[in-house]
Amino acid sequence: MPSAPCIALVDCNSFYVSCERVFNPNLAGKPVVVLSNNDGCIVARSPEAKALGIPMGSPYHKHKATLQNAGAIALSSNYELYGDMSHRVYDVLFASVPEVEIYSIDECFLDLTGFAHLGTDGLMEFCANLREKVLRWTGIPTGIGIASTKVLSKVANQVAKKSVGGVAELLTDELRDRLLANLAIEDIWGINRRLGVRLRSHGIATAANLRDAPEALIKQIMGIVGVRIMYELRGLSCLPLEAIAPSQKHMICSRSFGQPITTMAQMHESISHHAARAAAKLRHRKLRTSVLGVFLTTNRFQPNDPQYSNSVTISLPTATNSSQVLIRYAKFCMTSIFRDGFSYKKCGVSLNDLSSVDAVQLDFLAPAVDRHDEKLMEVMDSLNKRYGSGTIRFASEGMKQDWKMRSDMRSPRYTTRWDELLVVKAN
DNA sequence: TCTGGGGTCCTAGGACCC
DNA sequence: TCTGGGGTCCTAGGACCC
């Protein structure tokens, strides 16, 4: 007889801040925040910053004074570093557990069903060792929550983060009941403020309330998604662990501009840049696209300025991942929606109908695959991999790139650029 | 002055088919 | 006077996640 499912959620603590702290000991013990692209919002906070009452996802400028008065350090985001550190953490986990589902840059689920014979204490010890190994080999602290479903493992993880050992289990009924009775509805994975308000209006205010609610009512309020969460809270697994990632369906490359831009020439540069980035991402993931969208928008936070946003989507004659081809179509699309007289805040490229490079639908009337172009992309990718992305790029992406985002406080890319390696001085 | 970017899934409604 | 029922596919928009 198969044993009941056992799932562990590993979540890196204040991940971006932790990555920064690995390489910069001056950040230890101080309030530290990491900002989103363009230094816009606060997307990671050290425990000290959380203690100052700095909320997640809030605009940086609203809290700048508070942070400065507290001697806090704000950093621009350094995704190259975080992405690489994430790989290192997962490499440690892959080596210890056969079934791992990567959920995000800083979170993954482990299937520990096969380890159930260890018993609860044994599982706790196994996870404590795993956590210790990740910390020692990468410098990243984590919390691990163990339970019988994904939703419950999220709850267990919240407990783990607050515990001394950083590991918590929710496998026993009594412990689980007690926790769920005290857990606010909005603190459940998949239920945010908006749904929380609706559920509360029906008298459902805690996780225990949701677990015990009538199925028909939950179906009516939240649809099938809510019913799944309800069953997961009851300990019935409805969200299977996916060790093999399903293929990606959609991709977006977009950025806000560092400063508003007004001319078609700048827009063409910027959209070419996004198209080239998107194409490189496609090649890296061994994908092609056959539907390209381009969008632009003015600054919605400036309602007194004239507002305009638009988008256009086209089908490509053949699925492609060529930068040249995508740049050409993206510029064409941009020309069709650009209007003079506006101050633009953001533009981007979206790709739909992604397919694997190994499975492309051929067409008698479509142009043949351009081998010369493929070779060119290969050479570009290998140069950019070796010397850093952006080393070689298309002229249409612009030289000055004065629309580029702000990133004034970025730390060095310690692990992915030779010229930004950590320097250690010894006496 | 200053408000991110990149994803997923689900549902409702329209077009179309037999 | 009478005006079906059932199905698929696609898309836009809404909700959520980190």
Side-chain angles (χ1 to χ4, degrees), chain A residues 9-16 33-45 55-65 67-68 74 76-79 82-83 86 101-109 150-151 154 157 185-199 219-229 238-240 242 245-260 274 277-278 281-282 285 287 291 293 295 297-303 305 311 313 315 343 345-354 404-410:
Chain A
L9 173 67
V10 183
D11 189 325
C12 302
N13 301 347
S14 314
F15 181 56
Y16 299 166
V33 296
V34 175
L35 308 177
S36 63
N37 284 311
N38 237 357
D39 296 341
C41 293
I42 293 164
V43 293
R45 306 154 296 158
M56 177 71 175
S58 184
Y60 172 51
H61 68 86
K62 282 189 183 170
H63 307 281
K64 201 169 177 178
L67 287 164
Q68 278 176 345
S76 303
S77 44
N78 185 346
Y79 285 103
Y82 312 148
S86 173
E101 175 188 332
I102 295 179
Y103 179 69
S104 74
I105 194 164
D106 70 340
E107 260 180 66
C108 69
F109 293 101
K150 282 184 170 177
V151 169
K154 281 285 225 183
N157 192 274
I185 194 84
E186 299 83 3
D187 292 339
I188 302 170
W189 189 40
I191 298 175
N192 81 350
R193 230 187 60 249
R194 200 181 319 235
L195 271 174
V197 169
R198 290 185 59 196
L199 287 165
K219 177 85 199 282
Q220 182 209 319
I221 302 171
M222 298 178 65
I224 191 70
V225 179
V227 176
R228 282 188 198 130
I229 295 174
C238 302
L239 305 169
E242 295 183 42
S247 64
Q248 189 178 358
K249 290 163 182 136
H250 181 82
M251 182 186 291
I252 294 175
C253 282
S254 70
R255 283 282 182 281
S256 299
F257 306 123
Q259 49 196 5
H274 296 319
R277 274 205 306 139
K281 255 199 243 183
L282 284 176
R285 298 176 193 181
L287 293 170
V291 175
F295 63 90
T297 180
T298 50
N299 190 348
R300 65 195 161 93
F301 294 108
Q302 301 283 334
D305 292 355
S311 66
T313 302
S315 289
S343 222
K345 175 69 180 167
K346 179 178 181 176
C347 74
V349 158
S350 80
L351 306 179
N352 278 289
D353 207 1
L354 306 187
K404 271 225 153 170
M405 68 172 185
R406 280 186 300 274
S407 182
D408 302 330
M409 302 164 280
R410 187 177 49 69

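Naming: A, B, ... by sequence-line order, numbering from 1 per chain. Atoms considered below: every heavy atom in the structure, side chains included; atoms not considered: hydrogens, waters and symmetry mates.
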To the side chain of [X], which of [options] is closest?
X	options	result
A:Ile252	B:dG7, B:dC10, B:dG4	B:dG7
A:Trp189	B:dG4, B:dT3, C:dC18	C:dC18
A:His250	B:dT3, B:dG6, B:dT8	B:dT8
A:Cys41	B:dG4, B:dG7, B:dC10	B:dG4
A:Asn37	B:dG4, B:dT11, C:dC16	B:dG4
A:Lys345	B:dT3, C:dC16, B:dG4	B:dT3

Tell me: [atom1] of [X] to [atom2] of [N], nearest whole Å?
X	N	atom1	atom2	result
A:Leu354	B:dT8	CG	P	8 Å
A:Gln302	B:dT1	CD	P	9 Å
A:His61	B:dG4	NE2	P	9 Å
A:Asn157	C:dC17	CG	C1'	15 Å
A:Arg193	C:dG14	CZ	C1'	15 Å
A:Tyr16	C:dC18	OH	C1'	7 Å
A:Lys150	C:dC18	NZ	P	13 Å
A:Lys281	B:dG5	NZ	C1'	8 Å

What is the nucleic acid contact for [X], judged by heavy atoms within less than 4.0 Å: base, sugar-phosphate only, or nothing?
X	answer
A:Tyr103	sugar-phosphate
A:Met251	sugar-phosphate
A:Leu35	nothing
A:Ile191	sugar-phosphate
A:Lys249	sugar-phosphate

Residue-phosphate contact under 4.0 Å: [X] side-chain N/O, [N] OP1/OP2:
X	N	value
A:Lys346	B:dT3	no
A:Ser256	B:dG5	yes
A:Arg228	B:dC9	no
A:Arg277	B:dG6	yes
A:Ser104	B:dG7	no
A:Arg300	B:dT3	no
A:Arg255	B:dG6	yes

Next item on the list: Quick one: look up who B:dC18 pairs with, Watson-Crick or G-U, both distances under 3.5 Å, and put none if it's unpaired.
Entry: C:dG5
Check: Would you call A:Met222 and A:Ile191 a side-chain contact if the rule is heavy atoms closer than 4.5 Å?
Finding: yes
Notebook entry, point to check: Are A:Glu107 and A:Lys154 close enough for a salt bridge, meaning some N to O gap below 4.0 Å?
Noted result: yes
Note to self: Using 0.5 Å steps for rounding, measure from the NZ atom of A:Lys62 to the CD1 atom of A:Ile42.
What the structure shows: 10.5 Å
Notebook entry, point to check: Should the ring pair A:Tyr82 and A:Tyr16 be called parallel, tilted or perpendicular, given that the plane angle runs from 0 to 90° and is split at 30 and 60?
Noted result: parallel
Check: So which one's nearest nucleotide on DNA chain B is more toward 5', A:Ser254 or A:Asp39?
Finding: A:Asp39
Check: Minimum heavy-atom separation for A:Ser254 to A:Gly348, with atom names?
Finding: CB-CA, 3.6 Å
Notebook entry, point to check: Where the side chain of A:Asp39 meets the backbone of A:Asp408, is there a donor-acceptor pair that is under 3.5 Å apart?
Noted result: yes
